[in-house]
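Data first, discussion second: the structure below is written as structure tokens.
FYI, the numbering just counts along the sequence from 1. Each ligand, and each atom within it, is numbered from 1 in the order the structure gives.
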Amino acid sequence: MGYRRGKSLSRDLEKQSYDRETAVGTKGMVVSPHWAATDIGEKVLKEGGNAVDAAAAIQFALNVVEPMMTGIGGSGFLMVYDNKKKDVKIYDGHTRAPKGVHPEMFLDEKGEVVDFRKRSTHGTAVGIPGILKVMDKAINEHGSKTLADLIQPAIDAAEKGFKVNWVLEEALQNFQYRLGKEAKAFYFPEGKSLKEGDTLVKEHLAKTFRILQKEGISAFYEGEIAEAIVSNLKEEGGIMTLEDLKNCRLTIDEPIWGDYKGYKIASSAPPSAGGLTVIQVLKILETFDLSQYDARSWEKYFLITEAMRLAFSDKIAYSGDPECSSLPIEGLLHDDYIAERVRAINFERRNDAIDFGNPWKYQDGKPNQVIRQPDDLEKSETTHFTVVDQWGNIAACTSTVEHPFGSGIMVKGYGFLLNNELTDFDANPGGINEAQPDKRPVSCKSPTILFKDDKPILTLGSPGGPTIIGSVFQTIINIIDHKMNLKEAIEEPRIFASAGPLIEWEPGISMEAKGEMESKGFEFGDKPSRIGNVQAIQIDHEKGRLYGAADSSREGKAAGITEDQIKVS
Ligand code: GLU
């Protein structure tokens, strides 16, 4: 039997959580959204491993303890800063579309877009998972340990069992509808949801990890695991073939670079629109000098809302896979274009006319056609973690199965879930983000590193689909403009606006400022909700200190390493 019912563990008292979620170190730091994964990463660093080693071990561990958010059936962007070479690269293992996809695959016989829940839990939503390619390549290029070593702690956790936490329990309750038959039977034994405190053993996942340990990732892309994926998908209407899995490839990309108030920012590059949009929002905001306003003032909420609305209108119009279309990256960040966008902000009242602009005026290229999309996407929630090692290298990874529990399709006998990332393609074809074979859908993942005087001083990221961008830039302005410490910057309640009419908001924002915003024409959602889950590390080069902080919206943990804790072999 794979589970044991247990007593509900009471949630940590606020003080205890705070202690768990913050840490100071001198020779390394690990921050992840689950304490058990942080413990595993911390052990890797203490045993002399580096940031990439720890990141790989965390990724495997999260597949066990946070299976609704990430896993080998998904994808991710890993940003690696190599402190010796002073070089930042992005290992892009974003999902690609199988050869058999076509631009109309999310339309029904009448040509209408299939309802989101239906299209996101169907076999056609599943993209070719790339996260194993990322981890394998990054370990080969930067790691000091083997994938076989780094997957072992996750095998132990899966075989011995782990305690279900409130985050998993809540996800099971809220997203039960996403689970396919296999996943439902596993997470709802005897028809009842697993609860906080239950012990869950994952024999099948452990078996899969043992295969990877022995045979390497080729077992996933060409061997028995590949065969299981393809045959499971066939039963769910999927189109992925063995050939598709065999041809899976990653790219190693330069980040997108930007500046904000004297800090250099490196963030994810297309097909993630995340980095570009974070930088665009910050460039718009730089004109207004937010530091003169209180963090909870209406002025700040007003400016960041309009900046998000402007940047998201552009994001929706101009994002795509750079292998398939030319993108107006230069135009979007061009100073004159930013100045043009800033003029759309009328600091008296919401500008109802905000829409996408024309960055192609500032860059050569062939303007793309913009196709409007249905506003029916549900918010995705995945995972971010980050590590700094004793040599000053950084790994920052946002990885995902897309929506909670991905497509809900669990590979029979192998214990992992397949993503639904192809729903990030436009459902209405004709634009640059339409589904096409071998193409990658637009992502918002934004692993980000800030530099001051060419030294890294902050690494951060968040899950949350489009809200990732909002969470990342708000944490940055909280630190730079509002002079908050790292934990305060993460906990400060966030708001989020895209091109739609409503502002999402977290509990704790100023109600007075909200009222003022409403009087200026803005509309807020009825109820507050959680936005993102930021994991970050700040590096103080002068003091030789590392500060880590995990977001209280999950059971995250920061663990700092000191010199005496590192085993010298
Ligand atoms: N759809 C998301 C993206 O790639 C998945 C990541 C997330 O939601 O956290 O942008």
Open item on the list: Looking only at side-chain N and O atoms, does Trp35 offer a donor or acceptor that is under 3.5 Å from a partner on Glu555?
Closed with: yes

Task: Pair Thr475, Asn478: side-chain N/O donor-acceptor within cut-off below 3.5 Å - done: no

TODO: Using a strict cut-off of 4.0 Å, indicate which atoms of ligand 1 neighbour a heavy atom of Thr400.
DONE: 5 (C), 6 (C)

Open item on the list: Using a 4.0 Å cutoff against the non-hydrogen atoms of Pro463, which atoms of ligand 1 qualify?
Closed with: 9 (O)

Task: Identity and distance of the protein heavy atom lying nearest atom 5 (C) of ligand 1 - done: Glu402 OE1, 3.4 Å

Task: Distance from atom 4 (O) of ligand 1 to nearest protein heavy atom, with residue and atom - done: Ser443 OG, 2.7 Å

Task: Carboxylate-amine/guanidinium contact Asp438 Arg249, below 4.0 Å - done: yes

Ligand 1 and [X], any nitrogen or oxygen pair closer than 3.5 angstrom?
{"X": "Gly465", "result": "yes"}
{"X": "Val442", "result": "no"}
{"X": "Glu421", "result": "no"}
{"X": "Ser462", "result": "no"}
{"X": "Lys445", "result": "yes"}
{"X": "Cys444", "result": "yes"}

- [ ] Only heavy atoms count here, so choose which of Asn420, Asp424, Val401 is nearest to atom 1 (N) of ligand 1.
- [x] Asp424

Task: Tyr260 six-ring centre to Lys283 NZ/CZ under 6.0 Å and within 45° of normal - done: no

Open item on the list: On the six-membered ring of Phe188, is Lys184 placed so that its NZ or CZ lies under 6.0 angstrom from the centre and within 45° of the ring axis?
Closed with: yes

Open item on the list: Can you tell me which portion of Thr382 lies within the under-4.0 Å heavy-atom range of ligand 1? Options are side chain, backbone, both, or neither.
Closed with: both

Task: Thr398 contact mode with ligand 1 (heavy-atom cut-off under 4.0 Å) - done: neither

Task: Identified side chain to side chain contact (heavy atoms under 4.5 Å, CB included) partner of Ser75 from the options Arg440, Glu402, Lys445, Lys133 - done: Lys445

TODO: To the nearest 0.5 Å, tell me how far Phe405 CZ sits from Tyr187 OH.
DONE: 6.5 Å

- [ ] Look at the aromatic rings of Phe77 and His94 and report parallel, tilted or perpendicular, splitting at 30° and 60°.
- [x] tilted

- [ ] Provide the closest heavy-atom pair for Ser553 versus Asn533 in the form atom of the first, atom of the second, distance.
- [x] OG-ND2, 2.9 Å

